[in-house]
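Here it is, the structure, as C-alpha cells.
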Amino acid sequence: MSFGSLFDSAMLPYGVPAMVGGKPLFNSPALSLALQTNMEAQRDGSVLPVVTSVGSGDTAARNKEDENDCRSGSDHLDGLSSDELEPPGNSRKRKKRYHRHTPQQIQELEALFKECPHPDEKQRAELSKRLCLENRQVKFWFQNRRTQMKMQMERHENTLLRQENDKLRAENMSIREAMRNPICNHCGGPAMLGEVSLEEQHLRMENARLKDELTRVCALAGKLLGKPVSSMSTLSLPMPNSSLDLAVGTNNFASPLPTLNDFPNNASSPLGTVITPTRGAAANAMIGVDKSLERSMLLELALAAMDELVKMAQMEEPLWIPWLEGGKATLNYEEYLRSFNRCIGVKPVGFVSEATRETGVVIINSMALVETLMDSARWSEMFSCVIASATTIEVLSSGMGGSRNGALQLIHAELQVLSPLVPIRDVNFLRFCKQLAEGCWAVVDVSIDGIRENASALADNMKCRRLPSGCLVQELPNGYCKVTWVEHVEYEEVAVHQLYRPILRSGLGLGAHRWLATLQRQCECLAILMSSSSPTTDTTTITASGRRSMLKLAQRMTDNFCAGVCASSAHKWSKLVGAGNVGEDVKVMTRQSVDEPGEPPGVVLSAATSVWVPVAPQRLFDFLRDERLRSEWDILSNGGPMQEMAHIAKGQHHGNSVSLLRASAVNSNQSSMLILQETCTDPSGSMVVYAPVDIPAMHLVMSGGDSTYVALLPSGFAILPDGPGISGSTTAIGDGETKVGGSLLTVAFQILVNSQPTAKLTVESVETVNNLISCTIQKIKAALNCDV
DNA sequence: GAACTAATCCCTT
DNA sequence: AAGGGATTAGTTC
C-alpha cells in the first residue's frame, strides 16, 4: 500500500480534495499523527512504500496517472521523497506539495480566460465544480494567469522598444557616416561649414534622444529582469562618451531663465515619453526612418525656435529699438542677424520682414491661456478677427506629466487683416509649449516650410513664413498674467495693396500689438460674461440664456462677416472675374447657399473694399456705431434714427457690445425692422458688424432659443489705423500739435441677390452692390466732413 | 540556474 | 472581503 492510496482514502466523495474548512487536512492533528507513524515506518524500512518505484525518475508514469485522474494533483503524495517529510513537531511550517493542473483542466481554464479574464464568483464556482478544483485554486489560477499575461505584454513592449532603439542607432550611425564627408546637394562638392553645423545639430538632437531612449529601455529591462542593466554594457558605441553628453539646445547667451534641460524631466525626453509607433514590415523601414528623421528635425526646430523666442522676448537694446511713444519697439535687423542663426533659413527673395513685440497684462490665468493656445479650435475662437481658419494637422506630443509642458503640434492657419486688399496669410507652423518656471510659460510658433511642403497653400493666398513668434506668459496674482508677445514674419509684399503695405510692415496689421490687444479685449469679455450674474448694464432685461443665445448668434454673424471679407478656405466663396464696371479695388464674390442653416437660401453676393479715410479710427468707429447717426449712411435706417432695444456689454469700453437696434418704420402699416449689431474695439482696431434679423426669430433667441436656424447675412466695417507715412495729416489738438493718423476703412456687404440657388448672377446685381458700397463710403465721408 | 506555475503574503480599495 | 502585486516554493528543462 502506497502513501497515495492512504491519501486516496482521505478523499471526500466526488473527488473533492482532502481539505477541511479551507485548510489542508494535512494540518489536522489526527492525520499528521497518522502520517508520522507511517513516516517513521518508512525510515525504519519496515514498511517500504511503493514510493521507491514511483520515485524521482518515473515522471511519465505519474503524468499518465494525472491525466486519467479527475482531481488536482494536490492530494497526490506519490512523488513525496523522504526528505520532504518533515520532522515531528514542526507541523506549523508545512511543506507545499507541488503539482500541476491536468491538461484538461488547463485547457478549460484557458478557454474561459480567453472569453473572460475576470470571471465572477459564480463562473469560478461553476468551473471549480466541473474541474474538480478548489474554488480558491481557480481564483489563483486566474490571478496568476493575469499577471503572466501582463508580464508577457511588458516583455513584448520591451522587445519593440529595443528594436526601435537599434533602428535609431543605425540611423544615427548612417548620419554620422554621411557627415564625415559632407557633400553639397547642389554642386556635389564638399559642403559648406554652415550646412555641416546644421547636420551636427541634427546629430546632437538624435543623440540626446537616443540616450534617453536607451535609459528608458534599460530601466524597463532592469525592472523585468530584476536587476539593473547598464546602458554602457549593452551598448558599446564606437564613439567617445562625450558625444553623448552634448546638450540639447545649448545656450550661447546667459539666459536669466532656466533652459529646458533644467527641468526635472527625469528619463524622459524634452517632449515627454515619445514612443514612435512601431512599424514591423521591412518595406516600411525607410518610411519609418524618414518619419523619425523628420520628427527629430521638427523637434530640433521647435527647440531652436523656443530659444530664440525667449531671447527675443527678454532682450532689450540693441536688439530692439524702442519707439518714442508707448511700449512698442522695432527689431534691429543687423543685431538680429548677429544674434541668431536663422533657424528656418534665409529670407526668400521678394519677401519683407515684419517684427514686433508688445507686453501687457491680461485678465486670464496663465494655465487657461496656455490651454487656449494649445487647442487650435479655442485659439481661433479667441482671435477670431485675426484667424480665418486653424486646424491642428498633427499632434507630435501632447505634453508630459499631464501638463502642456513639451507639447508640440503642427498647425495650419490662415491669418487675415480685414480687408480684401490684403490676401490671407497661409501658414503651416509648429507650435511648441514649454514651462520655463513655476507660473511661467512660453508658446512658440515657427514655420516648417523647409521641412514639409506647404501643400495646402492656396494660389491666391499670401506666401508667408513665421519666424519664431509667440508669447511668454507670466502668472500674476488675482487671475491676471503678464504676456509678452513677439511676432516675426516674412511675407511676399507684392500681393499686398499699396494702401496696406505700411501698416503691415509696421506690424499694426498683424503684429504683436494686434494679437495682444485682441487677447486683452477677448479675455476682458470672457471675464465680464462669467462674472455678470446681474445684467445691470442692460437696457432691457434678458434672461441669462437669452443673452447667451444672442451672443452666440452675434459671434456667428461676425465670423461670417470676416469670412466674406477675406474668403478663407473654410468658406466656399468664388471670386467674380470680369464683373462689369466694378471698381478695381472692390472684391466681389458669390456663393450658392443651399440648405445652410442660419442663412437664407439663394445666391449670396459679397462685396468688399477698403479705403483710406482722413479721420482718426476712434472717431470713425464712434460715428459708425452710433445708432442715432445711422440715417447718415445706412439705407436700412429708412432715413430716421435707430433705437437701441437691447445692449449686452462685452467689455469695459462701451464700444465692445452686442446690441439689438430697431429702425423706424417707413409708414404705420409696416412693422419696424430689427438689426443685430456687434461692435468691438481695442487699441489695434475696431469693427462694426450688423445684420437685419427676423423679429419672431429674434424673440426666440432672446428667450434663450437655439439661434442655429436664424438666417442672417452680415454687413459692416473694419477699421484699422493707417500706417506711418500714409496720412501725414496733422490736426491741432489743444495747444500742442499732435499728429493724428487717418484710418483704413473696410466696407463689406453680403446680400441675397436671388432666392434661387441655381440662378445666374446678373450684371445688375453686381452693379447694385457696387453702388451700395460706393454710396455708403461717400455718405460716411460726407458726414465726417472729409473731401469726397 | 532559468523558466514556469501554484500558492501565499500583504496591501489597497 | 475581494483583488492585485510581490514573493515564495516546487518543478521541469
Side-chain angles (χ1 to χ4, degrees), chain A residues 3-4 7 11 15-28 32 35 39 51-52 54-67 69-87 90-159 162 219-229 233-234:
Chain A
F3 276 85
F7 264 75
M11 288 285 290
V16 176
M19 303 274 182
V20 172
K23 299 207 165 175
L25 205 48
F26 209 12
N27 279 345
S28 142
S32 59
L35 255 176
M39 286 169 193
V51 171
T52 43
V54 188
S56 48
D58 199 352
T59 49
R62 198 149 32 91
N63 283 345
K64 200 174 172 218
E65 191 186 321
D66 279 352
E67 275 165 35
D69 253 340
C70 175
R71 73 192 124 142
S72 88
S74 59
D75 39 3
H76 282 223
L77 286 184
D78 305 23
L80 212 59
S81 63
S82 54
D83 36 313
E84 279 175 292
L85 300 168
E86 40 192 296
N90 201 3
S91 62
R92 214 200 65 79
K93 187 188 161 206
R94 68 202 124 101
K95 285 261 172 179
K96 259 184 241 164
R97 292 146 302 161
Y98 186 80
H99 67 276
R100 289 189 184 203
H101 301 326
T102 66
Q104 290 102 313
Q105 287 171 327
I106 290 174
Q107 201 182 328
E108 295 246 12
L109 287 162
E110 288 281 8
L112 180 60
F113 183 81
K114 230 181 244 169
E115 278 176 41
C116 155
H118 268 275
D120 58 23
E121 219 158 340
K122 220 181 239 172
Q123 287 173 291
R124 288 202 311 261
E126 195 268 331
L127 198 63
S128 79
K129 205 174 214 176
R130 198 145 48 86
L131 301 177
C132 309
L133 283 171
E134 224 189 317
N135 240 328
R136 0 183 291 130
Q137 285 180 298
V138 177
K139 193 176 82 178
F140 289 146
W141 189 88
F142 273 94
Q143 213 162 74
N144 286 323
R145 191 70 183 77
R146 283 192 297 262
T147 41
Q148 188 195 21
M149 202 64 167
K150 213 175 110 187
M151 274 288 275
Q152 282 170 351
M153 300 277 278
E154 278 176 7
R155 203 169 315 169
H156 183 65
E157 197 183 354
N158 196 10
T159 339
R162 265 178 192 286
L220 191 56
K223 215 170 80 187
L224 287 171
L225 299 174
K227 63 181 180 194
V229 177
S233 69
T234 51

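Model, not experiment: these values are computed from the prediction. All chains are named by letter (A, B, ...) in the order of the sequence lines, taking the proteins before the strands, and each is independently numbered beginning at 1.
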Handout entry: Sequence-distant partners of A:E110, side chain to side chain donor-acceptor pair (under 3.5 Å), two or more places apart
Key =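 Scan of A:E110 (side chain to side chain donor-acceptor pair (under 3.5 Å), adjacent residues dropped) gives A:R145.
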Practice task
For the pair A:F113 and A:F142, name the ring-plane relationship: parallel under 30°, tilted 30 to 60°, perpendicular over 60°.
Solution key: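 Ring orientation, 0 to 90° scale: tilted.
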Handout entry: Spacing between A:Q137 atom CD and C:dG10 atom C1', to the nearest angstrom
Key =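 After rounding, the gap between these two atoms is 15 Å.
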Practice task
Return the value, rounded to whole Å, for the distance between atom CH2 of A:W141 and atom C1' of B:dC4.
Solution key: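 In whole Å, B:dC4 C1' and A:W141 CH2 are 13 Å from each other.
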Close N or O pairs between protein and nucleotides 1-4 of chain C (under 3.5 Å):
{"from": "C:dG4", "atom 1": "OP1", "to": "A:H118", "atom 2": "ND1", "distance (Å)": "3.3"}
{"from": "C:dG4", "atom 1": "OP1", "to": "A:H118", "atom 2": "NE2", "distance (Å)": "3.0"}
{"from": "C:dG4", "atom 1": "OP2", "to": "A:R146", "atom 2": "NE", "distance (Å)": "3.3"}
{"from": "C:dG4", "atom 1": "OP2", "to": "A:R146", "atom 2": "NH2", "distance (Å)": "2.3"}
{"from": "C:dG4", "atom 1": "N7", "to": "A:Q143", "atom 2": "NE2", "distance (Å)": "3.1"}

Problem - From A:W141 atom CH2 to A:R124 atom CZ, the distance as rounded to the nearest 0.5 Å - result: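 Rounded to the nearest 0.5 Å, the CH2-CZ separation comes to 13.0 Å.
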Practice task
Give, for atom CG of A:L127 and atom CD of A:Q137, the distance between the pair rounded to the nearest 0.5 Å.
Solution key: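 Between atom CG of A:L127 and atom CD of A:Q137 there are 11.5 Å.
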Problem - Note, A:L109 side chain near A:L131 side chain (heavy atom, < 4.5 Å) - result: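 Touching, per the 4.5 Å side-chain cut-off.
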Problem - d(CG, A:N144; C1', B:dA7) in whole Å - result: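 Checked: the CG to C1' distance equals 7 Å.
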All N/O pairs under 3.5 Å across the protein-nucleotides 10-12 of chain B interface:
none

Exercise for the section: Rounded to the nearest angstrom, tell me the gap between atom NE2 in A:H101 and atom C1' in C:dG10. Expected result: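 From A:H101 NE2 to C:dG10 C1': 14 Å.
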Problem - Which residues share a side chain to side chain donor-acceptor pair (under 3.5 Å) with A:Q143, sequence neighbours left out - result: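 Once residues adjacent in sequence are excluded, A:Q143 has no partner under the side chain to side chain donor-acceptor pair (under 3.5 Å) criterion.
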